[in-house]
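Positions are given from 1 along the sequence.
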Amino acid sequence: MRAEDVAELIRARDERGAEALMRRYSPLLRYVISPILPEAEREDCLAECCLRVWERIGSFDPERGSFTGWLTAIARNTALSRAGRAPSWEPLDEAVELPDPGPTPEDALLMKERREALARAVEGLSDGERRLFYRKYYYMQPSAQIAAETGLSERAVEGRLRRLRMKLRRALGGECDE
């Protein structure tokens with residue numbers, strides 16, 4: 001079954017879409033989740049990912065990207081969200097009202113400009129460099145995993161990552177005295 005067919009079945013709220021999602025994409029989702037969460041939380045996160053896909057299928061736009069890319073973004077964001085949560089069993093001492101931690105409008109504009117500059121710099125990388133960047137810094141894969149899956153030594157992966165960081169730093173106008 002093609003990705004478009006799975007997306008359409010889910011959009012139509014057909015249970016076959018949920019079954020196809022689990023059958024075809026659960027290995028990919030597990031692959032994205034595993035470096036972020038401890039083993040005990042991975043299956044719950046996988047279930048939460050599938051629920052989010054079911055609930056948010058309306059936001060999937062094939063013009064903006066592939067179904068697989070959309071799924072991996074949901075899996076990554078769900079796992080990062082779960083990793084950042086305090087355990088639900090941990091008691092809170094007392095409710096304390098804190099000021100709004102949100103960024104000021106100036107901070108929000110600066111963050112947006114930095115994100116855009118980084119996106120331009122990453123687009124300027126070669127395909128291999130871009131894949132390495134995404135594996136390490138977007139999917140948060142350990143260097144040992146990248147090395148095992150690419151056939152490189154861990155030291156070679158670390159060396160390439162170091163050169164990649166220096167290249168990005170230069171592209172963003174920073175010093176490179178690493």
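- Checking R165 against Y137 by side-chain atom types alone, a donor-acceptor pair falls below 3.5 Å.
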**OP:** Report the C-alpha distance between K112 and E116 in whole Å, list the side-chain angles of each, state the deciding distance to 0.1 Å, and finish with yes or no for salt bridge (charged side-chain N to carboxylate O under 4.0 Å, His left out).
**Re:** CA-CA 6 Å; K112 180 181 181 221; E116 290 170 353; 3.6 Å; yes
**OP:** Take E41 and I33, measure what side chain to side chain contact (heavy atoms under 4.5 Å, CB included) needs, and give me the verdict at the end.
**Re:** CA-CA 9 Å; E41 293 185 41; I33 292 167; over 6 Å; no
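- Under the 3.5 Å distance criterion, with hydrogens and angles disregarded, no donor-acceptor pair is assigned to the side chains of Y139 and Q145.
- Between V122 and L168 the shortest heavy-atom distance is N-CD2, 4.1 Å.
- Atom CD of E113 has more than 12 heavy atoms from other residues, nucleotides or ligands within 6.0 Å.
- The structure places CD1 of I74 at 6.0 Å from OG of S59, a figure rounded to the nearest 0.5 Å.
- Between W70 and F60, the ring planes lie tilted relative to each other; the angle falls in the 30° to 60° range.
- Side-chain contact of R52 with T78: a donor-acceptor pair under 3.5 Å is present, judged by distance alone.
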**OP:** Would you check, one step at a time, whether the test salt bridge (charged side-chain N to carboxylate O under 4.0 Å, His left out) holds for K167 with E129?
**Re:** CA-CA 10 Å; K167 187 175 186 177; E129 290 171 328; 2.9 Å; yes
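- L29 and C50 get closest at one heavy-atom pair: CD1-SG, 4.4 Å.
- Atom CZ of R155 sits in a sparse spot, with 12 or fewer heavy atoms from other residues, nucleotides or ligands closer than 6.0 Å.
- Atom CG of L21 and atom OG of S26 lie 8.0 Å apart (nearest 0.5 Å).
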Original post:
Can you list the steps and then say if E19 with R16 is a salt bridge (charged side-chain N to carboxylate O under 4.0 Å, His left out)?
Top reply: CA-CA 5 Å; E19 292 168 7; R16 292 178 297 167; over 6 Å; no
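- At a threshold of 4.5 Å between non-hydrogen side-chain atoms, the residues F67 and R2 do not count as touching.
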Original post:
What's the verdict on side chain to side chain contact (heavy atoms under 4.5 Å, CB included) for K136 and V157, showing C-alpha distance, side-chain angles and the deciding distance?
Top reply: CA-CA 10 Å; K136 182 67 175 181; V157 169; over 6 Å; no
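- Classification of R11 and E8 as a salt-bridged pair holds, one side-chain N sitting under 4.0 Å from a carboxylate O.
- Proximity of a side-chain donor or acceptor of R82 to a complementary backbone N or O of R42 within less than 3.5 Å is not detected.
- Using cut-offs of 30° and 60° for the angle between ring planes, the Y138 and Y134 rings count as perpendicular.
- For the residue pair R76 and T72, no side-chain donor N or O sits within less than 3.5 Å of a side-chain acceptor on the partner.
- R169 contributes atom CZ, which lies 11.0 Å from atom CG of L164 (distance to the nearest 0.5 angstrom).
- A donor-acceptor pair shorter than 3.5 Å cannot be found between the side chains of E154 and S143.
- P35 and P142 make their closest contact through CB-CD, 3.8 Å (heavy atoms, listed as atom of the first residue, atom of the second, distance).
- One side chain, Y31 or Q141, offers a donor N or O that lies under 3.5 Å from an acceptor on the other.
- At distances below 3.5 Å, not a single donor-acceptor pair connects side-chain atoms of S81 with backbone N or O atoms of N77.
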